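Take a look at the structure set out below.
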There are 2 protein chains.
Amino acid sequence: MIELEAINRNFEVGEETVHALRDINLNIDAGEYISIMGPSGSGKSTLLNILGLLDQPNSGIYRFNGKAINQLAEDEQAQVRRENIGFVFQFFHLIPRLSAADNVALPLTLAGVEPDIRQQKTAAAMDALGIAERAQHRPDQLSGGQRQRVAIARAMITEPQLILADEPTGNLDRSSGSDVIEALEALNQKGITLIMVTHDPELGGRAMRRLKMDDGKIIGDHQS
Amino acid sequence: MIELEAINRNFEVGEETVHALRDINLNIDAGEYISIMGPSGSGKSTLLNILGLLDQPNSGIYRFNGKAINQLAEDEQAQVRRENIGFVFQFFHLIPRLSAADNVALPLTLAGVEPDIRQQKTAAAMDALGIAERAQHRPDQLSGGQRQRVAIARAMITEPQLILADEPTGNLDRSSGSDVIEALEALNQKGITLIMVTHDPELGGRAMRRLKMDDGKIIGDHQS
Ligand SMILES: Nc1ncnc2c1ncn2[C@@H]1O[C@H](COP(=O)(O)OP(=O)(O)OP(=O)(O)O)[C@@H](O)[C@H]1O
Ligand SMILES: Nc1ncnc2c1ncn2[C@@H]1O[C@H](COP(=O)(O)OP(=O)(O)OP(=O)(O)O)[C@@H](O)[C@H]1O
Ligand SMILES: [Mg+2]
Ligand SMILES: [Mg+2]
């Protein structure tokens with residue numbers, strides 16, 4: 001489903017070049033459940049952003065379902081992303097002036113799904129994550145972990161082919177965190193490919209395949 | 001050092017009232033090391049914001065060093081906050097157009113500390129947290145855990161009497177997280193009062209006193 005071939009990503013800061021991803025090679029089959037762990041600054045979010053078509057590599061090829069996707073035009077990439085990928089950002093990126101419920105429903109709204117179906121799916125997703133009572137609150141009227149769960153519900157709402165989750169339990173207690181993992185794993189059971197960045201070794205260990213990153217490279221790749 | 005007496009904090013959302021803090025009574029002595037744990041949405045950040053003079057209770061009294069602080073004028077409270085309290089926010093609140101180093105140095109700059117002393121202290125703090133190499137990066141040029149460490153360095157830089165840390169290791173791997181805890185605990189060893197909200201039971205268990213919150217109340221208060 002996913003092939004990364006000789007992927008490099010650099011950032012320029014003044015005179016300096018940061019090599020955030022160095023010669024990344026990675027194949028991922030449909031339906032896999034993969035965790036990515038590694039030190040702060042090792043390139044995990046950068047890798048996830050490239051996988052999610054939110055960022056472009058400086059060199060190398062990204063094939064998505066056999067198609068060299070990083071070479072498509074911007075609007076074509078945006079379409080592939082909208083139709084296939086759900087993304088939970090490390091810092092959520094919720095829309096400040098929309099309610100929690102409207103934030104969750106946004107991908108359905110963009111896909112033209114009818115209001116009553118949207119309302120039903122949104123209520124079910126927020127219920128599963130324990131945030132139904134906060135449906136009408138705006139993001140600034142939510143706790144940190146409530147915002148995180150809105151971001152997760154939004155990423156899951158269209159049941160996309162691929163879910164990328166960047167530290168989805170970082171602001172959650174044990175109980176809310178396991179509701180989140182249950183919901184994500186249930187989608188993986190239905191065939192959805194799930195790739196999760198985490199600093200929590202217990203969570204990372206639940207995946208069927210575990211990648212370790214360090215200094216822009218994948219240094220470990222283990223099947224459970 | 002700190003007395004909270006019958007503290008209540010409500011938020012209005014449309015027709016609804018959220019009772020974020022309900023009848024909180026709490027005494028904290030100078031030099032204590034306290035952790036606060038509890039479910040997502042239980043009021044931990046709200047309590048920390050009131051302790052940090054960033055928010056006002058709807059009723060009740062907050063005495064800081066014997067003085068009824070929540071009844072002072074805004075600019076007087078701001079002065080007490082600037083001179084005595086370091087705050088690590090759950091979502092950092094870094095200044096986007098300043099470099100990491102200038103973000104860290106900001107409390108020293110506001111306190112009128114000379115440039116060479118500022119530079120020395122800033123370098124030492126960033127070094128202790130492993131972010132010296134990113135001194136010239138702006139926040140948007142940092143990883144999540146690097147931003148978190150900038151926020152922590154900033155809160156510690158003036159060695160304030162009281163440090164309030166809202167989930168300071170949420171975006172950090174085990175090794176960077178323990179650098180942070182070492183640095184904070186070293187300040188506590190020097191007599192600084194340290195109050196830390198965390199979802200990590202291992203981290204919470206290191207404190208000398210552990211508070212548990214649920215639904216706006218303190219339901220547990222245990223000495224180690
Ligand atoms: N826009 C940018 N400009 C410059 N450098 C950047 C930029 N974004 C990231 N970096 C650098 O690239 C490296 C990788 O960043 P990335 O965000 O992928 O790390 P990470 O593994 O997700 O870390 P964390 O666990 O702290 O979230 C870091 O050292 C960071 O400082
Ligand atoms: N500005 C606001 N307006 C309305 N409700 C709010 C506001 N801020 C917080 N709340 C609500 O008050 C409750 C307590 O929020 P708080 O941020 O203190 O929780 P928390 O314990 O820090 O949670 P987390 O572990 O998720 O960070 C939550 O249920 C939240 O929805
Ligand atoms: Mg990251
Ligand atoms: Mg909070």
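Only a predicted model underlies this, so the values are computations on that prediction, with no experimental measurement involved. Quick note on labels: first sequence line is chain A, next is B, and so on, each numbered from 1.
Listed by chain and number, the residues in a side-chain contact (heavy atoms from CB on, under 4.5 Å) with A/A128 amount to none (sequence neighbours excluded). Every residue meeting the side-chain contact (heavy atoms from CB on, under 4.5 Å) condition with B/A153, not counting sequence neighbours, appears here in chain and number order: B/V104, B/A125, B/L129.
Using a 4.5 Å cut-off between heavy atoms, B/F89 makes no contact with chain A at all. With a 4.5 Å cut-off on non-hydrogen atoms, B/F91 touches chain A through its side chain but not through its backbone.
No other option in A/G170, A/G145, A/G177, A/G144 has as many heavy-atom pairs under 4.5 Å with chain B as A/G144.
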Pairs table: donor-acceptor atoms between chain A and chain B closer than 3.5 Å:
unit_1: A/E16; atom_1: OE1; unit_2: B/H137; atom_2: NE2; d: 3.4
unit_1: A/S40; atom_1: N; unit_2: B/D173; atom_2: OD1; d: 2.7
unit_1: A/S40; atom_1: OG; unit_2: B/R149; atom_2: NH2; d: 2.7
unit_1: A/Q90; atom_1: NE2; unit_2: B/N171; atom_2: OD1; d: 3.0
unit_1: A/H137; atom_1: NE2; unit_2: B/E16; atom_2: OE1; d: 3.4
unit_1: A/R149; atom_1: NH2; unit_2: B/S40; atom_2: OG; d: 2.7
unit_1: A/N171; atom_1: O; unit_2: B/H199; atom_2: NE2; d: 3.1
unit_1: A/N171; atom_1: OD1; unit_2: B/Q90; atom_2: NE2; d: 3.1
unit_1: A/D173; atom_1: N; unit_2: B/H199; atom_2: ND1; d: 3.3
unit_1: A/D173; atom_1: OD1; unit_2: B/S40; atom_2: N; d: 2.7
unit_1: A/H199; atom_1: ND1; unit_2: B/D173; atom_2: N; d: 3.3
unit_1: A/H199; atom_1: NE2; unit_2: B/N171; atom_2: O; d: 3.1

